[in-house]
Structure formats: C-alpha cells, structure tokens
2 protein chains.
Amino acid sequence: MAKSEDPPRRATLKEVAKAAGVSLASASYAINGAGSVGEATREHILKVAAELGYRPNQSAKAMKTGKTGAIGLILPDLTNPFFPSLAQVVIQAARVHGYSVFLTDTEGSAEEEQRAVNLLVDHGVDGVIWFPIADDGPVGKLIEGVPTVVLDRNLPGYDVIQADYADGGRLAAEHLLAAGHVNIGVISGPHAASSARQRAEAAIATVRERGNLVWHVHNAYSLDLEPEVAQALESRAATAVITGADLIAIGAMRHIRSLGQSVPDDVSVVGFDDIPWAQLHTPALTTIDMPVEDMAAAAVEALIRRMSARGEPRRRVVFNVELVSRDSVRVLT
Amino acid sequence: MAKSEDPPRRATLKEVAKAAGVSLASASYAINGAGSVGEATREHILKVAAELGYRPNQSAKAMKTGKTGAIGLILPDLTNPFFPSLAQVVIQAARVHGYSVFLTDTEGSAEEEQRAVNLLVDHGVDGVIWFPIADDGPVGKLIEGVPTVVLDRNLPGYDVIQADYADGGRLAAEHLLAAGHVNIGVISGPHAASSARQRAEAAIATVRERGNLVWHVHNAYSLDLEPEVAQALESRAATAVITGADLIAIGAMRHIRSLGQSVPDDVSVVGFDDIPWAQLHTPALTTIDMPVEDMAAAAVEALIRRMSARGEPRRRVVFNVELVSRDSVRVLT
DNA sequence: CGCTGCCCATGAAAGGTTTCACGTCCTGGC
DNA sequence: GCCAGGACGTGAAACCTTTCATGGGCAGCG
C-alpha cells in the first residue's frame with residue numbers, strides 16, 4: 001500500500017485501559033471475558049476499545065500463552081487438483097474455530113518438507129495437518145512437540161485420517177472384472193507412499209483371483225508418464241487399466257489416445273480420487289470417490305481435539321470410498 | 001501427535017547465552033549476524049545454539065520488531081483451478097525470501113473477505129497479497145496500515161499486478177473474426193469485476209467493428225451457467241462464443257454439447273486464463289494465456305519491495321497475454 | 001456494631017527477544 | 001610511554017499481553 005507514510009500504529013491495550021480509566025488488568029479481563037469485572041465497567045471498556053479500533057496483538061498474546069491461533073497445513077502439491085479442495089475445506093473449518101492456516105506446498109521434495117516444517121514450528125503454530133510425501137523420509141522427528149494429524153498415511157504415533165484405499169483398489173478391480181475384462185494392467189502411485197501401495201495391492205490381488213494381471217508399473221502423481229508406463233501401455237496387452245490416481249488416469253488416457261486407440265472402446269481406464277476433472281474429461285472418468293471434504297473436516301476436528309487434550313490415545317479414522325461409474329469403462333459383451 | 005505428554009520446551013536464547021557463557025545480547029547478535037561479536041565467540045555461540053537445538057521464538061521476535069515473517073494471501077476460490085498455481089508460486093517465492101504465507105480463501109463472499117482480512121492483520125502479517133472479489137465492497141479501509149499488493153484489479157492507492165485484459169479480449173475476438181466467424185456471443189465474468197469488464201468490452205468493441213455481436217451475458221467464474229447464459233446458448237444465434245474465463249468456457253462447452261451441438265464444428269469457443277484443464281479438455285481449448293506464475297512472482301517481489309520502502313510511489317505492472325490456439329475454434333472456409 | 005467473605009479492581013511480574021548506551025581492554029601511532 | 005579510538009562485550013529497557021496475588025469496600029450475618 002502506497003498510502004500512509006506513517007503506519008498509524010494500532011491501539012494497544014494499555015491505551016484502551018488509560019482511555020477507559022481502568023487498569024491494564026481490568027481491560028484485559030474485560031476483553032477476554034475472563035476474570036471478574038463489573039458489568040458496567042466491562043461494557044464501558046468494550047465500548048472504548050471499539051472506538052479506538054483496538055485489536056489484540058497476537059504476537060504478544062502468543063508470547064504469554066504459547067498459543068498463536070494458527071495451524072499449519074503441509075501439502076505435497078497444490079498443482080494436483082486433489083489438494084486445493086482439501087485445502088479449502090481445511091481453511092474454512094479452521095476459520096470457524098478461530099484459526100488461521102499457514103499453507104505450505106512442499107513440491108514433492110523431502111527437503112522442502114523439512115524446511116516447511118521448520119518454518120511452521122518457528123512461527124509457533126498450535127498444530128499441524130500434514131499430508132506426507134512418503135512414509136519414510138525425515139518424518140516424525142520434525143514435528144516433535146506440535147500436535148499433528150496426518151492425512152493419508154498411517155504414521156505410527158500420530159492421529160490419522162485415511163480412506164479405505166484397499167477397498168478402493170478392490171472396487172476398481174471388481175468393476176472391471178464384472179465388466180468382462182480379463183487382461184488388466186495396473187499403474188500405481190509412487191512406491192514410497194503406502195496409500196499407493198495399498199490401492200495397488202488390493203487391486204492386484206483381486207485381479208489375480210479372477211483375471212490376469214498383465215503388467216504393473218509405477219508412476220508419480222502426475223499427468224506425465226514414466227517411460228516404463230508408456231511402454232506398458234504401448235504393449236497393448238491390457239484391455240483395461242487401473243490407476244492409482246485420476247491424474248495418472250488422465251495422463252494414461254492421453255497416451256492411449258495418442259497411440260490411436262480409444263477409451264473406452266479399446267481400453268478401459270479407472271482412476272482414483274474423483275478429482276473435479278474426472279467428470280469433465282471426455283470420456284468422463286470412472287473412478288473411486290474419496291470424501292475429501294469430510295476427510296479435511298475430520299482432520300481439523302481431530303487436530304482441535306488433539307490440541308486441547310494432548311494426552312489422549314491416538315485415533316485413526318478411515319473413510320469409506322465408493323466407485324463412481326462413468327464413461328471410461330467399456331463393458332464387454 | 002499422541003506422543004509426548006510433556007512438550008519438551010524449546011531452548012530459549014537466554015539458555016543458549018548461559019550455556020555459552022556469554023550475555024544475552026551477544027547471543028542475540030551472534031545469531032542474527034548483527035552487532036559486533038568476535039569471530040571465535042560467534043562460532044562458539046552458534047555451536048552451542050545448534051547443540052541445544054535453539055530455534056528463535058518468532059512471537060517474541062515479532063513483538064520486538066513488529067515483523068512476523070508472515071504474509072497473507074487472500075484468494076477468492078481455491079476451487080477455481082486458476083488459483084492454486086498462483087498460490088503455489090506465491091508460497092514458494094515467499095519462502096525463498098524467508099516468509100511463510102497465511103492463505104485464506106474467501107469463498108466469493110465479501111463478509112468472508114472482511115473476516116479474512118481481520119484475522120490476517122490480527123496475526124500481524126507483514127504484508128498482504130490480495131486478489132479481490134469485486135472492485136467495490138469493503139475494500140481499502142480494511143487493509144489500512146499493512147503493505148498490500150493487489151492482483152487483477154486496479155485498485156487506487158495500491159501496488160497492482162495485472163494482465164493486459166483488454167488486449168486479451170481483443171485477441172480473442174480477432175482470432176474468431178480471422179477464422180471467418182461473424183455472429184459472435186460473449187459470456188463475460190461477473191459485472192462487479194473490472195477485469196472481467198475490460199475483457200468483455202475490448203472483445204465486444206472488436207466484434208462490433210467487423211462482425212456481429214449477437215448477445216452478451218454474464219456468468220460467475222464457475223462451471224455452472226446462469227439461466228440467461230444457457231438461454232443465449234440455446235438460441236443458437238452465434239457460431240462462436242468468447243468467454244471471460246476458461247471455467248466458463250468449459251461450462252459452456254458442456255452445455256453446447258448437451259444441446260446436441262459440437263465444439264468446434266457447430267460453435268467455436270475461446271476461453272481466458274489458460275488454466276491447466278484447458279489443454280486437457282476435449283476439444284482442447286483455445287484461450288488467452290496469462291503468465292500466472294510470473295504475475296505471482298511479481299506480486300511477491302512487489303510486496304517485498306513495498307514492505308521495506310513504504311514511502312515509494314505505487315507501481316502498477318501489466319503483463320502481456322497471448323492467444324494460444326488449440327482445437328475449440330473452427331476456421332470457416 | 002463488628003467481622004467474615006465476596007465482588008471488583010489493581011499492581012506487578014513474566015514471557016523471549018532486540019537494541020541502545022555504555023564500559024573494558026587492547027592496539028597502534030606519536 | 002601515553003593516549004585515542006576501535007573492537008568486543010554487557011546490562012537493561014522496551015515491546016504487549018496475561019495472570020497471580022493482593023487490597024479495598026461493602027453487604028449481610030451474628
């Protein structure tokens with residue numbers, strides 16, 4: 001802002017107290033609704049405070065109480081459309097509880113994740129909601145001492161919010177099997193993520209039972225495909241492929257199309273996550289829907305609880321997923 | 001975190017000083033690289049600090065210096081894929097300058113915007129990057145006293161980062177005209193946003209010059225179309241439509257398709273923003289590309305400058321846009 | 001009428017850091 | 001051999017708030 005040369009310092013509590021002709025302590029009590037203040041005095045103080053446009057200095061408050069009223073949200077990659085809606089819900093839910101959120105995007109790098117956490121704890125966040133990049137890495141050590149809930153991964157010792165990934169993998173596989181597919185390929189998410197492994201393992205197990213797993217490859221959570229994934233697709237061995245994420249599914253569909261094949265006529269694809277794009281894509285993507293909003297809200301709730309009751313045993317809540325059937329799967333006659 | 005019952009308090013500067021056998025002042029100087037401290041002493045202090053795992057208490061620091069090392073980012077709607085990439089760049093750029101970012105999502109509501117700002121200034125953010133919902137509303141008053149740069153809107157008195165919307169509108173119209181379209185409709189963004197008006201006005205002016213503006217309607221920045229927009233589309237009076245945002249374009253294409261018409265064979269569509277979906281959509285969307293990343297980086301830079309030089313005259317920087325031609329426009333023969 | 005207790009209100013300390021103003025000691029120049 | 005001044009280091013105040021311990025006054029009870 002190029003307006004005022006001299007930033008008009010905000011009124012301090014001391015000034016309010018003076019203006020109201022009461023002590024600092026009374027002013028503080030009146031404003032925080034604590035302590036014992038006469039009804040008349042309280043109202044008077046409040047009025048004066050309002051006139052002066054008093055806003056408490058959070059830094060000072062934080063120094064006394066150790067509570068900053070801020071929570072940190074650590075996400076891998078805002079660019080993956082899965083995360084913004086998560087962030088949105090977290091931000092809102094936090095706001096209704098009076099918290100602001102520091103959002104950091106770790107860009108998929110473990111060092112960034114480390115730095116992000118440091119920055120956050122330096123700022124004295126009261127709690128952290130963390131969507132880890134990988135299961136290993138410089139995990140637990142970092143967040144020592146700050147209430148934390150972990151999304152997606154079942155990290156020991158933390159409160160955890162997850163979806164039933166295994167069930168999702170199974171659902172995807174069964175859907176394909178039921179549609180008459182036999183030769184099925186699997187593109188799972190990064191090795192490092194247990195949630196990705198769970199999806200894949202369940203899918204693979206199910207496929208093996210009643211069908212034929214023709215290949216299994218890994219890919220980052222990204223539109224861009226690794227060479228080995230592209231090759232698998234090019235082998236044309238599968239009539240259907242299960243992917244570990246919608247983003248991967250969309251990447252795969254692009255590649256399939258570039259091979260001159262059609263989805264779903266030549267090959268069927270099922271995704272995971274049900275990101276907004278899924279239904280906008282042509283063909284609309286059959287995928288596994290996770291209740292992201294609910295999960296985000298649950299994370300905030302869990303964090304609030306954890307912040308006020310540090311001693312409690314950890315909890316783990318698992319949300320159900322469901323298959324939403326759209327146009328990317330062909331049923332074989 | 002369900003781990004430690006007793007949060008292991010972090011070491012304080014005083015403790016570091018004592019452990020190192022120096023005064024508080026020296027410790028402070030050593031750690032901040034300020035003041036005059038002997039080389040040997042400094043190293044010693046740093047070593048001790050590291051051993052104790054000392055991390056400065058930002059709240060206390062903030063109280064002294066008035067600087068929190070945090071900036072606020074106020075965005076209308078994370079759900080619009082235009083914003084996450086913006087947010088991502090801002091967060092990263094801020095981080096390299098040592099700032100953390102409070103992200104708030106105002107959900108398109110002016111009251112939320114108000115509350116968000118309050119929360120932010122209460123937290124004592126050093127600066128704010130603000131993407132306003134509308135030009136009017138409870139604007140300038142709110143951010144009084146906090147360095148602010150505004151994105152997208154040319155709010156008087158603030159540093160401003162924009163794209164050349166008018167040029168974008170013109171480009172879009174010319175592209176259609178050059179492709180032989182005559183009867184053109186325009187779906188612009190919300191009235192309240194001057195950036196939306198600029199796009200539309202330039203487009204309309206250009207269309208009028210050499211073609212025929214068959215209708216002009218407004219729509220929120222959303223996939224969902226207002227009734228009047230749907231009606232306009234249903235009139236089938238236009239062979240091409242210019243939209244104020246890719247999101248609107250995609251919504252329009254869906255509707256057009258639901259009418260049994262084809263994009264681009266029956267009607268051509270051009271978007272604005274070049275969000276990630278644009279090129280993934282089928283057909284890939286011809287649109288106006290804004291250099292979001294550059295703009296976000298510029299915003300952070302402008303804010304940093306503003307924060308250290310409050311007196312300077314305001315600046316306004318306007319980025320060029322360009323048309324990216326894809327598959328949603330048919331050239332008439 | 002005096003005392004017990006309660007209600008209100010206040011002074012003051014504490015919390016972790018930065019930074020000003022000052023002191024000590026040593027070095028080098030004359 | 002002295003003194004000026006630089007280099008290094010320190011004590012203490014200040015930032016704004018919360019909260020503990022304390023005190024004054026008044027009502028009601030005995």
Side-chain angles (χ1 to χ4, degrees), chain A residues 7-49 52-70 98 121-126 145, chain B residues 7-49 52-70 98 121-126 145:
Chain A
R9 241 190 0 77
R10 306 218 315 264
T12 141
L13 187 60
K14 194 179 346 186
E15 289 160 9
V16 173
K18 180 145 42 135
V22 300
S23 76
L24 201 45
S26 298
S28 174
Y29 287 136
I31 281 171
N32 294 318
S36 60
V37 190
E39 190 52 36
T41 336
R42 151 167 294 130
E43 275 175 17
H44 177 225
I45 295 175
L46 259 21
K47 187 159 129 303
V48 172
L52 263 47
Y54 172 74
R55 311 245 69 202
N57 177 326
Q58 295 287 343
S59 298
K61 184 179 259 183
M63 223 190 67
K64 270 312 280 183
T65 63
K67 301 272 146 235
T68 52
V121 318
D122 283 357
H123 274 291
V125 290
D126 297 337
Chain B
R9 240 191 3 76
R10 307 217 316 261
T12 139
L13 188 59
K14 195 180 344 188
E15 288 161 8
V16 172
K18 178 142 47 133
V22 299
S23 75
L24 201 46
S26 297
S28 174
Y29 287 136
I31 281 170
N32 294 317
S36 61
V37 190
E39 189 52 36
T41 334
R42 151 167 294 131
E43 276 175 16
H44 178 223
I45 295 174
L46 259 22
K47 187 158 132 301
V48 172
L52 263 47
Y54 172 73
R55 312 245 69 202
N57 177 327
Q58 295 286 342
S59 298
K61 184 179 261 184
M63 225 190 64
K64 268 313 277 180
T65 62
K67 301 271 146 236
T68 53
V121 320
D122 282 357
H123 275 291
V125 290
D126 297 338

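These numbers come from the heavy atoms of this one structure, side chains and all, not from hydrogens, waters or symmetry mates. Labels below follow one simple rule: chain letters A, B, ... track the order of the sequence lines, proteins then strands, and each chain is numbered from 1. Being a predicted model, the structure only gives us computed values, none of them experimental.
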Can you figure out which of [options] approaches the side chain of [X] most closely?
X	options	value
A/S26	C/dT10, C/dT18, D/dT10	C/dT10
B/A25	D/dG11, D/dC16, D/dT18	D/dG11
B/S23	D/dT10, D/dC16, D/dT19	D/dT10
B/L24	C/dT18, D/dG11, D/dC15	C/dT18

Separation of [N] [atom2] from [X] [atom1] (nearest whole Å):
X	N	atom1	atom2	answer
B/N57	C/dA14	CG	C1'	13 Å
A/K67	D/dC16	NZ	P	24 Å
B/N32	C/dT17	CG	P	10 Å
B/I31	C/dT18	CD1	P	8 Å
A/R10	D/dC16	CZ	P	10 Å
B/R42	D/dG9	CZ	P	10 Å
B/R55	C/dT17	CZ	P	12 Å
B/Y54	C/dT17	OH	C1'	7 Å

Can you see if the side chain of [X] gets near the phosphate of [N] - specifically, an N or O under 4.0 Å from OP1 or OP2?
X	N	value
A/S28	D/dT17	no
A/T65	D/dT17	no
A/K61	D/dT18	yes
B/K14	C/dT17	no
B/Y29	D/dG11	no

Q. With respect to A/V16, which candidate in A/L24, A/L52, A/L46 satisfies the side chain to side chain contact (heavy atoms under 4.5 Å, CB included) definition?
A. A/L52
Q. If you pin B/E39 and B/K64 to their nearest nucleotides in DNA chain D, which one's is more 5'?
A. B/E39
Q.
Under 4.0 Å, counting only non-hydrogen atoms across every strand here, what does A/T41 touch: a base, just sugar-phosphate, or nothing?
A. sugar-phosphate
(Q) Within the structure provided, determine whether A/I45 and A/S26 are in side-chain contact (heavy-atom separation under 4.5 Å). (A) yes
Q: Apply side chain to side chain contact (heavy atoms under 4.5 Å, CB included) to the pair B/I31 and B/Y54, showing each step before the final yes or no.
A: CA-CA 10 Å; B/I31 281 170; B/Y54 172 73; 3.6 Å; yes
Q. Between B/A34 and B/A60, which has a closest nucleotide on DNA chain C that is more 5'?
A. B/A60
Q | Donor-acceptor pair, side chain of B/E43 and main chain of B/A40, under 3.5 angstrom | A | no
Q. Taking B/N32 for the side chain and B/A34 for the main chain, is one N or O donor matched with an acceptor at less than 3.5 Å?
A. no
